[in-house]
Number of protein chains: 2
Amino acid sequence: MKSDKISEAVVRRLPVYLRYLNELHKREVTTVSSQELGQKLDLNPAQIRKDLAYFGDFGRKGIGYDVSYLIEKIRQILKLDQRINVALVGAGNLGHALSNYNAFLKDNMKIVAVFDAHPAKIGTSINNLTVQPMEELERTVRDNAIRIGIITVPDFEAQNVANQLISAGIEAILNFAPIILKAPAHIRIHTADFTTDLQSLAYYLDNGKEESAHEETQVDG
Amino acid sequence: MKSDKISEAVVRRLPVYLRYLNELHKREVTTVSSQELGQKLDLNPAQIRKDLAYFGDFGRKGIGYDVSYLIEKIRQILKLDQRINVALVGAGNLGHALSNYNAFLKDNMKIVAVFDAHPAKIGTSINNLTVQPMEELERTVRDNAIRIGIITVPDFEAQNVANQLISAGIEAILNFAPIILKAPAHIRIHTADFTTDLQSLAYYLDNGKEESAHEETQVDG
DNA sequence: TAGATTGTTAATCGATTAACAATC
DNA sequence: TAGATTGTTAATCGATTAACAATC
């Protein structure tokens, strides 16, 4: 079963598969079953098989999946087999941290330009890249065929920066500012907001009892 | 309709509501309807009403929601009305960036301790906090009633750090390492992995046509 | 009163999981 | 051949959305 419309949930699991497959490959494991994969990644094996089957018949009945072949296929699906240039806007602490993560990203996706509006930042160097003024954003994006923008500016500037990235021709945005960006439908936006992560985590803190089906707790009991 | 089991999707939207409500409050808006909220946050109004109704009757028919009251209620639900201490493990670039975000978190959630295994880091200062060695983690966590741990160490150390946090009595973890952590069921783990975010973003880059229902494109056509 | 908007039930939609024939 | 495991269909589960009576 090829194509149809693939749900975002499926797409978000692909990088997770890829990461673990790369680890297996490094360990020289050549074959893996959906069951092993599921166990390691806390996912249902049927779900993994189904996810992969959306894109092709990658496995062999009775055998499992060839690790190298599956890595190749997932990289193709995610377009990680082609060079993808990324721009980072906001040369603060977080921007600095992210630009260092280039090491973690496989060769083909790379932050190739950093921008900031703050005069003091411009011209300084971050991880071998010179911070450029916002005025150069449009030209740099076009000249370097930059397709993804990462936003690490304060929230009140984020929408403005997004607009500039979009009019420069960027196709997708990874937004770290705690705000819901508005953009045309053809622009893909992912929000990576750890304030939200942390706050929703607080919900699950246990204040006393709740579901203490365990017989463990003896304080307060 | 109170309680039942609340889905994670619902819990994850609460901080989003809260953030925008705080903005409204700052602008001295006193009342808001689910429709306005939905428009601003790109959500279905019925969904917002349903989400809130899980926790109580916070609105008034014909009127909408009182902004201040709803803020208070959501803060209670998320346990943000009580002081929650957080520990950060991994004093690298990302850890540094996160510790600065204290400013963005409301008063009640705070990073109160930073740890690192690297001798060169220990004793240095990050955002007014002295980096402590891992050996002190257990005691510091207990003495300061730290309930949440943030992991910003390299992937190969992440599981080990998680184990230490858990045995020190932490209740929840925000994990930035690109790995699936194993933990007992009562420990809540959220993964904030932007490698995954970026890679799944690449999938949506448009290589040519796909769903060009728009008549815009004339190059390549 | 008329208009607006909630809380909630019912309908829809979509995603996950189970089951199994095909086959290595 | 017997055992293992895929790809896929059907069953289940859960989340979103529509609709509307209640009521401010």
Side-chain angles (χ1 to χ4, degrees), chain A residues 1-17 20-21 24 29-74 77 180 200 203, chain B residues 1-17 20-21 24 29-74 77 180 200 203:
Chain A
M1 273 293 101
K2 300 284 161 58
S3 50
D4 281 291
K5 207 164 286 168
I6 310 295
S7 84
E8 186 174 335
V10 174
V11 174
R12 284 193 164 270
R13 282 190 292 267
L14 295 178
V16 178
Y17 301 154
Y20 184 59
L21 289 164
L24 288 177
V29 177
T30 57
T31 296
V32 69
S33 71
S34 60
Q35 185 161 129
E36 291 167 66
L37 234 28
Q39 199 165 340
K40 200 68 182 185
L41 303 177
D42 265 336
L43 295 170
N44 183 298
Q47 183 171 63
I48 295 175
R49 293 200 299 278
K50 200 160 199 266
D51 283 356
L52 296 174
Y54 280 118
F55 302 97
D57 291 1
F58 300 149
R60 285 214 294 161
K61 293 186 169 76
I63 309 289
Y65 298 90
D66 182 271
V67 172
S68 296
Y69 181 68
L70 193 51
I71 287 175
E72 188 193 327
K73 284 303 175 183
I74 295 182
I77 295 164
I180 307 292
S200 66
Y203 173 83
Chain B
M1 275 291 103
K2 300 284 161 60
S3 50
D4 281 292
K5 207 164 286 169
I6 309 296
S7 84
E8 186 174 334
V10 174
V11 174
R12 284 194 165 268
R13 282 191 292 267
L14 295 178
V16 178
Y17 301 154
Y20 183 60
L21 288 165
L24 288 177
V29 178
T30 57
T31 296
V32 69
S33 70
S34 60
Q35 186 160 127
E36 290 167 66
L37 235 29
Q39 199 165 340
K40 200 67 182 185
L41 303 176
D42 265 335
L43 295 169
N44 184 299
Q47 183 171 62
I48 295 174
R49 294 200 297 279
K50 200 161 199 265
D51 283 356
L52 296 173
Y54 280 118
F55 302 99
D57 291 1
F58 300 149
R60 285 214 294 163
K61 292 187 170 76
I63 309 289
Y65 299 90
D66 181 273
V67 173
S68 297
Y69 182 68
L70 194 52
I71 287 175
E72 188 193 328
K73 283 304 175 183
I74 296 181
I77 296 163
I180 307 291
S200 66
Y203 173 83

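A note on names: the letters A, B, ... follow the listed sequences, proteins ahead of strands, and every chain is numbered from 1.
- When both pairing distances are held under 3.5 Å, C:dC24 makes a Watson-Crick or G-U pair with D:dG3.
- Checked against D:dT6, D:dT16, C:dA15, the side chain of A:K61 finds its nearest nucleotide in D:dT6.
- Distance check: A:R60 CZ to A:T31 OG1 gives 8.0 Å after rounding to the nearest 0.5 Å.
- Smallest separation of non-hydrogen atoms from B:L43 and B:Y17: CD1-CE2, 3.6 Å.
- The line from CG of A:D66 to NZ of A:K73 is 12.0 Å long, rounded to the nearest 0.5 Å.
- Distance B:N44 CG to C:dT6 C1': 14 Å, rounded to the nearest Å.
- Taking atom OH of A:Y54 as the reference point, atom P of D:dT6 lies 17 Å away to the nearest angstrom.
- Toward the 5′ end of DNA chain C lies the nearest nucleotide of A:K50, the other residue of the pair A:K50 and A:G62 mapping further downstream.
- With a 3.5 Å ceiling on both atom-pair distances, the Watson-Crick or G-U wobble partner of D:dT17 is C:dA10.
- Of the candidates C:dC24, C:dT8, C:dA15, C:dC24 carries the atom nearest the A:R60 side chain, counting heavy atoms from C-beta on.
- Atoms CG and CG, on B:L37 and B:D51 in that order, are 10.5 Å from each other to the nearest 0.5 Å.
- The shortest non-hydrogen separation linking B:L14 to B:I77 is CD1-CG2, 3.7 Å.
- Between A:D57 atom CG and C:dT23 atom P there is a gap of 11 Å when expressed in whole angstrom units.
- Between the CD1 atom of A:I48 and the OG atom of A:S33 there is a distance of 9.0 Å, given to the nearest 0.5 Å.
- The phosphate of D:dA18 (OP1 or OP2) has no side-chain N or O of B:R49 nearer than 4.0 angstrom.
- Computed from coordinates, the A:K5 NZ to C:dA15 C1' distance equals 16 Å when rounded to whole Å.
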**Q.** Worked verdict on A:L21 versus A:Y65 for side-chain contact (heavy atoms from CB on, under 4.5 Å)
**A.** CA-CA 10 Å; A:L21 289 164; A:Y65 298 90; over 6 Å; no

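- Counting heavy atoms from C-beta outward, B:F55 and B:V10 have side chains that approach closer than 4.5 Å.
- Near DNA chain D, defined here as any heavy-atom distance below 4.0 Å, the residues from residues 63-71 of chain A are A:I63, A:G64, A:Y65, listed numerically.
- Atom CD in A:E8 sits roughly 15 Å away from atom C1' in D:dA15 (whole-Å rounding).
- The interatomic distance linking B:L43 (CG) with D:dA18 (P) rounds to 13 Å, in whole Å.
- To the nearest angstrom, P of D:dT16 lies 7 Å from CG of B:D51.
- Within residues 31-38 of chain B, the residues having any heavy atom closer than 4.0 Å to DNA chain C are, in order of number, B:S33, B:S34.
- The CD atom of A:Q47 sits 14 Å away from the P atom of D:dG14 (whole-angstrom rounding).
- Taking the charged nitrogens against the carboxylate oxygens, A:R12 and A:E8 do have a contact shorter than 4.0 Å, which makes a salt bridge.
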